[in-house]
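Have a look at the structure below before the remarks.
The figures here come from the full heavy-atom set of this structure, side chains too, leaving out hydrogens, waters and symmetry mates.
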Amino acid sequence: MIVRNYIMANLHGTGLLFMVRFAMDARRVFELDHVQFHPSKNYVSKRHGTAVPGMALQTKSGLDHIPVTLLPTPFPKSQLKKALKVQQYFNKIFYRLRSDSSFITERLRETAAADPFTGRLLQMFNSLESAGVLKDQLSLSIHRNDYMLHDDMDGNESNHQSEIPSASCSIQQVEVNTISCAFGGLAPEPRRLHRYMLTKVHPPALDGAERLPTNGARDGLVDALLRAAATFNLEYKMTGSAILMVVQPGEANAFDQRVLEHELFESSAGPTIVIRKSLAEIEAEGVLRSDGILTVVERGVQHVIGVVYFRAGYCPDDFPTETEWHARETIERSKALKCPSLADHLTGAKKMQQILADKAVLQDFAVDLEDGQLDAVLSVFAGLYALDDTEQGNAIVTEAIQNPEKFVLKPQREGGGNNLYGKDMVTQLQQMTAAERAGYILMSLIKPPLYRNSILRGGNIATGAVVSELGIYGVCISHRTRGILFENTAGHLLRTKFADVLDGGVASGRAVLDSPYVYE
């Protein structure tokens with residue numbers, strides 16, 4: 001017997017309605033914390049309305065709903081708490097890291113020679129640093145540390161295939177994102193959908209405990225942007241400065257961004273104007289005054305820019321001509337708080353992630369941490385390996401070619417869809433010269449536990465084994481020499497994909513939004 005129900009979701013942010021068919025096999029069982037949900041029981045009536053504000057995405061065929069799981073995915077409470085706690089330590093470490101220009105330049109030298117995009121960013125950074133432009137720089141950092149649960153099974157693959165949570169699971173870092181950390185605006189919304197679904201499918205799942213933890217991602221990011229604008233106003237004796245959001249032409253993820261924009265406009269501190277421009281538009285319409293103040297004209301009004309929030313500029317495709325590169329330099333030369341600054345952007349390189357996993361290096365940037373906190377940070381790193389032309393580097397390349405199922409090859413990119421696995425990884429390693437290998441790192445493949453869930457994408461529902469990736473947002477306002485002015489942990493993001501999908505990313509079409517169902 002197939003139970004057929006319809007969920008009506010009113011997208012308040014867009015004024016759209018979409019109807020999706022919710023079809024589940026009666027024999028299917030979802031297991032969350034050993035509680036069984038039997039969709040064969042007709043908990044949901046024929047029609048229900050559930051508000052999912054702004055959960056929309058621009059696609060090639062038009063406007064569609066954000067892909068989402070129909071139920072939350074299990075996640076151990078202890079590991080969620082650990083990820084939130086460790087983010088505070090990362091905020092302090094990355095402040096020290098981006099303030100050390102010599103370290104950034106030296107450690108990225110070979111990577112910059114192998115990767116033209118990183119090379120251009122580093123060249124611009126060094127030029128501005130040498131000119132003294134960056135010495136008194138204020139900046140806003142919005143980072144997202146992404147983790148997956150790793151099930152240390154000691155070779156027992158059968159446990160990995162089980163849907164029963166393993167006590168051996170612990171978080172391991174997938175990557176740290178320092179630019180265009182997406183979905184903070186929409187991250188809290190799946191919780192609302194899932195809470196509604198659970199009350200209909202199996203109310204005892206919400207047993208009084210906080211099984212669906214609240215998510216402060218949207219509020220945390222908005223608060224950081226407001227604080228950054230206020231910092232600029234105070235520093236330069238301005239009032240009412242605007243936030244310039246750098247976006248891609250034809251931005252597909254505009255609705256996630258618009259949520260933040262609307263919240264900023266409706267702030268209790270008074271409306272903060274957000275101006276959306278591409279890099280090319282900034283080059284054409286922006287003016288950098290002799291005093292370092294950046295202004296942009298929007299609808300005939302000239303606005304002083306206090307914060308530049310990059311939601312583009314993280315990949316070579318965002319710089320098709322010299323026009324875009326010149327706009328990036330103009331922004332960096334301005335007194336506006338950059339999110340991120342060039343230094344902050346460069347610290348997000350995968351090479352930096354690999355370097356920081358070395359305890360001898362990490363402890364130099366962890367001087368603000370107390371006893372035990374350094375070890376907590378080290379515990380979340382997966383195996384990370386340099387591919388330089390040394391005995392150790394050549395040995396790990398040979399091992400990866402012989403055992404490709406144990407590794408993933410990562411370039412210096414953000415945005416999803418860039419990593420290489422299996423045969424593709426082997427081919428790339430065999431074809432690259434030693435110098436070219438400096439543009440990549442190897443990481444031990446994380447082995448997450450599998451759960452069963454249903455995914456709604458494009459109005460269609462598919463069910464199967466899934467794996468999840470937890471992102472933790474961290475925010476920090478800092479001065480190059482005066483230190484950290486404000487830092488905080490700002491909520492979480494859970495993304496889920498089918499277990500046979502190798503790479504991730506919601507905007508790239510591989511993963512969907514989710515929320516954690518925590519268990520002890």
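- The nearest pair of heavy atoms linking Val174 to Tyr147 is CG2-C, 3.9 Å.
- In this structure, the side chain of Asp358 engages the main chain of Ala360 through a donor-acceptor pair within 3.5 Å.
- Arg144 and Cys181 get closest at one heavy-atom pair: N-SG, 3.6 Å.
- Within the 4.5 Å cutoff, no side-chain heavy atoms of Pro404 are placed close to those of Tyr421.
- Side-chain contact check for Thr178 and Asp344: no donor-acceptor pair (N or O, by modelled atom type) lies under 3.5 Å.
- Formation of a donor-acceptor pair under 3.5 Å by the His492 side chain with backbone atoms of Tyr473 is not found in this model.
- Salt-bridge annotation for Arg482 and Glu235: present, with a side-chain N of the basic residue lying under 4.0 Å from a carboxylate O of the acidic one.
- Taking 4.5 Å as the limit, every side-chain heavy atom of Gln363 sits out of range of all side-chain heavy atoms of Leu369.
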With side-chain contact (heavy atoms from CB on, under 4.5 Å) as the test, would you mind laying out the steps for Leu121 and Met124 before giving the verdict? CA-CA 5 Å; Leu121 291 172; Met124 185 185 298; 5.8 Å; no
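- Between the side chain of Asn488 and the main chain of Ala490, no donor-acceptor pair closer than 3.5 Å is present.
- Panel note: side chain Lys338, backbone Ser334; a donor-acceptor pair is recorded below 3.5 Å.
- Screening residues 339-367 for ring-ring contact (aromatic ring centres under 6.0 Å, His included), with sequence neighbours left out, gives Phe103-Phe365.
- At a threshold of 4.0 Å, the pair Asp115-Arg413 counts as salt-bridged, since one of the basic side-chain nitrogens sits closer than that to a carboxylate oxygen.
- Taking every heavy atom of both residues into account, Lys351 and Ile441 meet most closely at CA-CG2, 3.9 Å.
- Side chains of Leu485 and Thr231 form a contact here, defined as non-hydrogen atoms less than 4.5 Å apart.
- Between Ile104 and Met352 the shortest heavy-atom distance is CA-CE, 3.6 Å.
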Run the side-chain contact (heavy atoms from CB on, under 4.5 Å) test on Ile66 and Phe183 for me, step by step, so that the C-alpha distance in whole Å, both residues' side-chain angles and the decisive distance to 0.1 Å come before the verdict. CA-CA 10 Å; Ile66 287 285; Phe183 290 107; 4.0 Å; yes
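- In the displayed structure, Gln428 atom CD is contacted under 6.0 Å by more than 12 heavy atoms of other residues, nucleotides or ligands.
- The backbone N or O of Thr390 sits less than 3.5 Å from a side-chain atom of Asn394, completing a donor-acceptor pair.
- For the pair His150 (side chain) and Gln172 (backbone), a donor-acceptor distance under 3.5 Å is absent.
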Given salt bridge (Lys or Arg N to Asp or Glu O under 4.0 Å), test Arg96 with Asp368 step by step and report yes or no. CA-CA 9 Å; Arg96 295 284 182 185; Asp368 300 309; 3.0 Å; yes
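- The shortest side-chain heavy-atom distance between Arg328 and Phe310 falls under the 4.5 Å cut-off.
- Between Leu212 and Leu198 there is a side-chain heavy-atom pair separated by less than 4.5 Å.
- A donor-acceptor contact shorter than 3.5 Å links the side chain of Tyr95 to the backbone of Gly483.
- Heavy atoms from other residues, nucleotides or ligands lying under 6.0 Å from CZ of Arg195 number 12 at most.
- Between Pro411 and Asn419, the closest side-chain pair of non-hydrogen atoms falls below 4.5 Å.
- Between the Gln79 side chain and the Ser170 main chain, no donor and acceptor come within less than 3.5 Å of each other.
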Candidate pair Gln412 and Thr111, rule side-chain contact (heavy atoms from CB on, under 4.5 Å), full reasoning: CA-CA 8 Å; Gln412 314 302 314; Thr111 301; 3.6 Å; yes
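- Between Glu189 and Arg218 there is a salt bridge, since a side-chain N of the basic residue sits under 4.0 Å from a carboxylate O of the acidic one.
- Under a 4.0 Å N-O distance rule, the pair Glu210/Arg191 qualifies as a salt bridge.
- Around atom CD of Glu370, no more than 12 heavy atoms belonging to other residues, nucleotides or ligands sit under 6.0 Å away.
- Between Arg258 and Asp256, no side-chain nitrogen of the basic residue sits less than 4.0 Å from a carboxylate oxygen of the acidic one, so the salt-bridge criterion is not met.
- By the ring pair (Phe, Tyr, Trp, His ring centres under 6.0 Å) test, Phe94 pairs with His143, sequence neighbours left out.
- Under a 3.5 Å cut-off, the side chain of Ser130 and the backbone N or O of Asn126 do form a donor-acceptor pair.
- Considering only heavy atoms from C-beta on, Leu384 stays 4.5 Å or farther from Lys350 through its side chain.
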If you look only at distance, which donor and acceptor atoms sit under 3.5 Å apart when one is on a side chain in residues 82-90 and the other is two or more places apart or in another chain?
from: Lys82; atom 1: NZ; to: Ser379; atom 2: OG; distance (Å): 2.9
from: Gln87; atom 1: OE1; to: Asn145; atom 2: ND2; distance (Å): 2.9
from: Gln87; atom 1: NE2; to: Asn91; atom 2: OD1; distance (Å): 3.0

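- Here the closest heavy-atom approach between residue Leu260 and residue Arg311 is recorded as CD1-NH1, 4.0 Å.
- Val408 has its side chain out of reach of Met425: every pair of non-hydrogen atoms, C-beta onward, lies at least 4.5 Å apart.
- A salt bridge links Asp223 to Arg227: at least one charged side-chain nitrogen sits closer than 4.0 Å to a carboxylate oxygen.
- Using a 4.0 Å cut-off between a side-chain N of Lys or Arg and a carboxylate O of Asp or Glu, Glu129 and Arg480 qualify as a salt bridge.
- Scanning all heavy atoms of the two residues, the minimum distance from Gln353 to Val176 falls at OE1-N, 4.0 Å.
- Between Phe407 and Tyr385, the angle of the ring planes goes over 60°, which puts this pair in the perpendicular group of the 30/60° scheme.
- Remark: side-chain polar atoms of Glu332 are paired, donor with acceptor, to backbone N or O of Leu342 under 3.5 angstrom.
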